[in-house]
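In each ligand, atom 1 is the first atom listed, and ligand 1 is the first ligand listed. The basis for the numbers below is simple: all heavy atoms, side chains too, and nothing from hydrogens, waters or symmetry mates.
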Amino acid sequence: MTIAVTGATGQFGRLVIETLKTRTKDDIVALARSPQKAADLGVETRRADYDDAASLEAALKGVDTLLLISSSEVGKRAAQHHHVIEAAKKNAVKWIVYTSLLRADSSTLSLAAEHAETERELKASGIPYTILRNGWYTENYTGSLEGAVAAGAIIGSAGKARISGASRKDYAEAAVAVLTTPGHEGKVYELAGDESFSLEELAAEVSKQTGKAVTYKDLPEADYAKTLEGFGLPAGLAAAIAGWDVAAGEGALYDDGRALSKLIGRPTTPFTQTVKATFA
Ligand SMILES: NC(=O)c1ccc[n+]([C@@H]2O[C@H](COP(=O)([O-])OP(=O)(O)OC[C@H]3O[C@@H](n4cnc5c(N)ncnc54)[C@H](OP(=O)(O)O)[C@@H]3O)[C@@H](O)[C@H]2O)c1
């Protein structure tokens, strides 16, 4: 059996492969647009660029199971994932596990449309599939906490949104659990943290852990987008991020189904722990 993982050089792909190595004796193939970047993973590497259909067709030779980690190139993803699914068909791949987005079929997050398109294509492909609808990584917030501490504020447009975040490692372990245990074909999992937090609670936790006063400042969507632009983000991305906060305020990042902790066999990582790891 051969299991291949796309996006192997990314943060999620790396965690998956490191964990997979400890859980299976199957052959593991790291797929990357720059295979040299994946060399340290200690598994076979193959070149697979989502934009290059021929590279994907060659890369999937002999692959039984494919973990398709969604591309990071928002706006190009549906077409890129299409290339992967077509290459999988040509190589008679037996099972595709796809990392999607929480409630991709009904979410008000602008990110949902591309995921929903890939899910539809996957279901129509004739290849057995499993869909992992990942909620938000808590790290989406902790990446910018140093700046928030310096400024004394976390800013956003999420209002009192409750965010059922889990660590990237939690979601990666769930992918590995699915890849290495039977009974997941045809299933769609809504994955999120056991507990939720608001940005106000996040700010309070950061204050507690750092001893510096940090508050949550809620901004109108347009003001938040403008502020992000002021930090140097391209206008389109700034607007998208502000929009995600608004969607969060509508409940897009909240889920209490606890399917993630069931899959990994332990509670998900509390956001307080992910905050702690940021300042460690
Ligand atoms: N649930 C969430 O909160 C959340 C947050 C962020 C992202 N995501 C999604 O989850 C995915 C994995 O997350 P992550 O943290 O691992 O993201 P990441 O660290 O940004 O990794 C993205 C991966 O996609 C690869 N990639 C991008 N364009 C490609 C192309 N044209 N051909 C082949 N590979 C390409 C990158 O390759 P290079 O190393 O060559 O750049 C990298 O391996 C992301 O891509 C995104 O779809 C989810």
Side-chain angles (χ1 to χ4, degrees), residues 4-19 29-41 43 45-60 66-85 87 97-104 107 109-119 131-144 158 161 163-176 189-193 196-197 237 240-241 244-245 247-248 252-255 260 268-269 271 274:
V5 178
T6 70
T9 54
Q11 301 163 86
F12 188 84
R14 284 186 166 277
L15 288 169
V16 166
I17 289 179
E18 291 300 355
T19 312
V29 177
L31 303 174
R33 61 178 153 181
S34 311
Q36 70 279 6
K37 274 176 71 180
D40 62 304
L41 285 167
V43 298
T45 60
R46 294 185 192 169
R47 182 174 169 272
D49 186 329
Y50 293 136
D51 292 323
D52 177 356
S55 78
L56 294 165
E57 202 177 323
L60 294 187
L66 174 67
L67 175 62
L68 170 52
I69 297 178
S70 56
S71 169
S72 52
E73 301 185 309
V74 175
K76 290 171 70 180
R77 300 196 280 190
Q80 292 178 326
H81 300 160
H82 168 77
H83 290 151
V84 179
I85 294 168
V97 179
Y98 172 62
T99 65
S100 182
L101 174 75
L102 191 63
R103 296 186 293 272
S107 173
L109 281 164
S110 60
L111 296 165
E114 286 182 302
H115 286 294
E117 193 175 333
T118 297
E119 286 192 5
I131 294 170
L132 304 176
R133 288 182 170 165
N134 290 345
W136 238 218
Y137 305 155
T138 305
E139 289 90 340
N140 293 345
Y141 300 100
T142 54
S144 55
I163 296 144
S164 305
S167 72
R168 200 183 257 108
K169 189 163 182 294
D170 294 337
Y171 295 107
E173 273 187 33
V176 172
Y189 292 101
E190 305 287 355
L191 302 179
S196 62
F197 58 89
L237 180 60
I241 292 173
W244 301 340
D245 260 20
L253 299 178
Y254 179 77
D255 182 79
L260 177 52
T268 59
T269 308
F271 80 98
T274 306

Write out each pair where an N or O from ligand 1 and one from the protein are under 3.5 Å apart, with the distance.
residue: ligand 1; atom: 1 (N); partner: G135; partner atom: O; Å: 2.9
residue: ligand 1; atom: 3 (O); partner: Y137; partner atom: N; Å: 2.8
residue: ligand 1; atom: 3 (O); partner: N140; partner atom: ND2; Å: 2.8
residue: ligand 1; atom: 10 (O); partner: Y137; partner atom: OH; Å: 3.1
residue: ligand 1; atom: 13 (O); partner: Y137; partner atom: OH; Å: 3.1
residue: ligand 1; atom: 15 (O); partner: R168; partner atom: NE; Å: 2.9
residue: ligand 1; atom: 15 (O); partner: R168; partner atom: NH2; Å: 3.2
residue: ligand 1; atom: 16 (O); partner: Q11; partner atom: N; Å: 3.1
residue: ligand 1; atom: 16 (O); partner: F12; partner atom: N; Å: 2.7
residue: ligand 1; atom: 19 (O); partner: Q11; partner atom: N; Å: 3.0
residue: ligand 1; atom: 19 (O); partner: Q11; partner atom: NE2; Å: 3.0
residue: ligand 1; atom: 28 (N); partner: R33; partner atom: NH1; Å: 3.4
residue: ligand 1; atom: 28 (N); partner: R33; partner atom: NH2; Å: 3.4
residue: ligand 1; atom: 28 (N); partner: E73; partner atom: OE1; Å: 3.3
residue: ligand 1; atom: 31 (N); partner: D49; partner atom: OD1; Å: 3.1
residue: ligand 1; atom: 31 (N); partner: E73; partner atom: OE1; Å: 3.1
residue: ligand 1; atom: 32 (N); partner: D49; partner atom: OD1; Å: 3.4
residue: ligand 1; atom: 32 (N); partner: Y50; partner atom: N; Å: 2.9
residue: ligand 1; atom: 37 (O); partner: T9; partner atom: OG1; Å: 3.3
residue: ligand 1; atom: 39 (O); partner: T9; partner atom: OG1; Å: 2.6
residue: ligand 1; atom: 39 (O); partner: K37; partner atom: NZ; Å: 2.8
residue: ligand 1; atom: 40 (O); partner: R33; partner atom: NE; Å: 2.8
residue: ligand 1; atom: 41 (O); partner: R33; partner atom: NH2; Å: 2.9
residue: ligand 1; atom: 43 (O); partner: G7; partner atom: O; Å: 3.3
residue: ligand 1; atom: 43 (O); partner: T9; partner atom: OG1; Å: 2.8
residue: ligand 1; atom: 43 (O); partner: G10; partner atom: N; Å: 2.8
residue: ligand 1; atom: 45 (O); partner: S70; partner atom: O; Å: 2.7
residue: ligand 1; atom: 45 (O); partner: S71; partner atom: O; Å: 3.4
residue: ligand 1; atom: 45 (O); partner: S72; partner atom: N; Å: 3.1
residue: ligand 1; atom: 47 (O); partner: S70; partner atom: O; Å: 3.1
residue: ligand 1; atom: 47 (O); partner: S70; partner atom: OG; Å: 2.6
residue: ligand 1; atom: 47 (O); partner: S71; partner atom: O; Å: 2.8
residue: ligand 1; atom: 47 (O); partner: R77; partner atom: NH1; Å: 3.0

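- The closest donor-acceptor contact from the side chain of E117 to the backbone of A78 lies at 3.5 Å or more, if one exists at all.
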Take K169 and E173 through the salt bridge (Lys or Arg N to Asp or Glu O under 4.0 Å) test and state the conclusion after the steps. CA-CA 6 Å; K169 189 163 182 294; E173 273 187 33; 3.0 Å; yes
Could you go through D170 and T269, starting from their C-alpha distance and side-chain angles, then the distance that decides it, and tell me whether this counts as side-chain hydrogen bond (donor to acceptor under 3.5 Å, both in side chains)? CA-CA 7 Å; D170 294 337; T269 308; 2.8 Å; yes
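- Ring pair Y137/Y171: centre-to-centre distance below 6.0 Å.
- With sequence neighbours left out, the side chain to side chain donor-acceptor pair (under 3.5 Å) criterion links T274 to no other residue.
- Between R33 and D52 there is no salt bridge, since no side-chain N of the basic residue sits under 4.0 Å from a carboxylate O of the acidic one.
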